[in-house]
Amino acid sequence: MDLLNTLVDKGLRRELPTREEALAVLATSDDDLLDVVAAAGKVRRHWFGRRVKLNYLVNLKSGLCPEDCSYCSQRLGSQAGILKYTWLKPDQASDAAAAGVAGGAKRVCLVASGRGPTDRDVDRVSDTIKAIKDNNEGVEVCACLGLLSDGQAERLREAGADAYNHNLNTSEATYGEITTTHTYADRVDTVEKAHAAGLSACSGLIAGMGESDEDLVDVVYSLRELDPDSVPVNFLIPVEGTPLAKEWNLTPQRCLRILAMVRFVCPDVEVRIAGGREVHLRSMQPVALHLANSIFLGDYLTTEGQAGKADLEMIADAGFEVEGTDQVTLPEHRSGGCHDGGGVCGSEGGGGCGSDAAPEAAEPRTAADARTDLVAVRRRGAGTDLAPNA
């Protein structure tokens, strides 16, 4: 297929595909899906070999959020029966993190619900970062605390944070339909603050919220322009009690096409399969490892994930290896902090087109196809007395 040959060539050169090419990937047929995976897999292996980076979430503060993000079970007005608790103490968070590190996680992601941290919150998280790093040699720590005020990213960096996560989630054009209590521009500003402070920026998206192919391409192109080091791809977990509980729009094949498109547009960044892989990829999870080079281990913030042991078995059975703390995740041109001086790595490429008009996309899924049995609220780990699923 000329399209795929073109995209592989561009991916190996870090050249930006055209929007038409990215849309064509999303519109490929199921008959061509394995060809799409194989092509994107060449790009993934070129930059990351067969390594899989493991990340572990610690929910420092669950629920009680004043923001109205429609996808979130911790949102203002949520009726979801999730765990609700205030800030974990540094030693509690460190103990939770240690379980993930023992399971093979290289990075610990510290997340707290809320619009953004107060200065006192930054102090709390700084103490937590120190506790985790003191007890777990070589571990990376990423903070995800919401919108940052001036100077807060620098303080987190000084405290030992390696990265900061703040997702764009969806396209700028549709952002107001998902959230009204803050703006898309607010999110962009926080990612830029993390970059400017010398933190490794982590920013991604949520697929499955009823968005169009154009919306998906728009947000991924916006991410490429922001140039984060890692791009988490979340697949909406429709939790009962949230406004998007009935949005069941994804198939395993659709998820694979989305991951492939992200890999082609962001060839040399850490693409992470984040929330929802168990719910939507299901038995196709090992295939997705040919596209993404990073996953979360065990449970998520408020919902259960696949058992950590099963994650490790899946990686080994698929012929991949867990990335060690002594290995550098990013290619050399990125790991040194180089972002080629502009918004994107590599050339903009523009003009070359390897595709004809995109075929019609498949019909979307309906609520009748929902796998609600695969959505379970987290009842163990952080904020409980039960052992985590790491």
Side-chain angles (χ1 to χ4, degrees), residues 55-97 99-100 108-125 127-129 132 142-148 152 164-167 169-170 178-182 186-187 190 204 206 208-209 232 234-247 274-276 278-279 296 298-305 372 374-390:
N55 309 267
Y56 187 69
L57 284 166
V58 177
N59 197 358
L60 296 177
K61 179 167 71 79
S62 184
L64 313 172
C65 184
E67 303 298 287
D68 68 355
C69 307
S70 299
Y71 49 82
C72 185
S73 59
Q74 304 184 78
R75 72 188 297 270
L76 178 70
S78 172
Q79 299 300 309
I82 62 168
L83 292 169
K84 294 183 176 67
Y85 53 87
T86 190
W87 290 93
L88 298 182
K89 292 181 172 59
D91 60 329
Q92 294 173 312
S94 181
D95 289 346
V108 173
C109 303
L110 302 176
V111 187
S113 61
R115 179 178 178 82
T118 64
D119 287 340
R120 184 184 178 193
D121 294 336
V122 173
D123 289 339
R124 295 182 210 263
V125 176
D127 291 343
T128 298
I129 293 169
I132 290 172
C142 178
C144 177
L145 312 173
L147 302 173
L148 292 175
Q152 291 183 329
Y164 195 83
N165 165 262
H166 199 60
N167 295 328
N169 290 330
T170 192
I178 299 298
T179 305
T180 67
T181 47
H182 59 267
D186 291 332
R187 287 187 170 267
T190 286
I206 303 174
M209 298 191 291
N234 295 276
F235 301 111
L236 177 71
I237 303 176
V239 177
E240 286 298 325
T242 65
L244 298 184
K246 305 305 180 187
E247 292 287 342
E278 300 88 346
V279 176
F296 280 112
D299 291 333
Y300 301 102
L301 296 175
T302 64
T303 58
E304 291 186 0
T372 55
L374 297 177
V375 179
V377 171
R378 179 175 68 85
R379 299 295 183 199
R380 60 198 170 199
T384 77
D385 295 326
L386 299 178
N389 185 24

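These numbers come from the heavy atoms of this one structure, side chains and all, not from hydrogens, waters or symmetry mates.
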If every non-hydrogen atom of [X] is compared with every non-hydrogen atom of [Y], which pair is closest and at what distance?
X: Ser73; Y: Thr302; value: OG-OG1, 2.7 Å
X: Asp299; Y: Gly305; value: OD1-N, 2.8 Å
X: Ala245; Y: Pro238; value: O-CB, 3.3 Å
X: Pro66; Y: Thr181; value: O-CG2, 4.2 Å
X: Ser70; Y: Pro243; value: O-CD, 3.3 Å
X: Ser62; Y: Ser113; value: C-OG, 4.2 Å

Counting N and O atoms only, with roles assigned by atom type, does the side chain of [X] sit under 3.5 Å from a partner on the main chain of [Y], one being a donor and the other an acceptor?
X: Thr190; Y: Leu148; answer: yes
X: Asn234; Y: Gly275; answer: yes
X: Arg187; Y: Asn167; answer: yes
X: Gln152; Y: Pro117; answer: yes

Handout entry: Minimum side-chain heavy-atom gap Val58-Leu88 below 4.5 Å
Key = yes
State the [atom1]-[atom2] distance between [X] and [Y], to the nearest 0.5 angstrom.
X: Cys144; Y: Leu60; atom1: SG; atom2: CG; answer: 10.0 Å
X: Cys109; Y: Asn59; atom1: SG; atom2: CG; answer: 11.5 Å
X: Asp127; Y: Lys89; atom1: CG; atom2: NZ; answer: 12.5 Å
X: Leu147; Y: His182; atom1: CG; atom2: NE2; answer: 6.0 Å
X: Thr179; Y: Arg75; atom1: OG1; atom2: CZ; answer: 8.5 Å
X: Leu236; Y: Thr242; atom1: CG; atom2: OG1; answer: 7.0 Å

Practice task
Only counting residues at least two apart or in another chain, list the ones meeting salt bridge (Lys or Arg N to Asp or Glu O under 4.0 Å) with Asp121.
Solution key: Arg124
Problem - Full working for side chain to side chain contact (heavy atoms under 4.5 Å, CB included) between Tyr71 and Ile178 - result: CA-CA 7 Å; Tyr71 49 82; Ile178 299 298; 3.5 Å; yes
Exercise for the section: Could you walk me through whether Leu110 and Ile129 pass the side chain to side chain contact (heavy atoms under 4.5 Å, CB included) test, one step at a time? Expected result: CA-CA 9 Å; Leu110 302 176; Ile129 293 169; 3.9 Å; yes
Practice task
List the steps, then state whether side chain to side chain contact (heavy atoms under 4.5 Å, CB included) holds for Tyr85 with Thr384.
Solution key: CA-CA 9 Å; Tyr85 53 87; Thr384 77; over 6 Å; no
Problem - Pairs flagged by salt bridge (Lys or Arg N to Asp or Glu O under 4.0 Å) wherever residues 55-69 is involved - sequence neighbours left out - result: Glu67-Arg115
Exercise for the section: Mind running side chain to side chain contact (heavy atoms under 4.5 Å, CB included) on Leu301 and Arg378 for me, showing each step along the way? Expected result: CA-CA 8 Å; Leu301 296 175; Arg378 179 175 68 85; 6.0 Å; no
Exercise for the section: Return the orientation label for the His166 and Tyr164 ring planes: parallel under 30°, perpendicular over 60°, tilted otherwise. Expected result: tilted
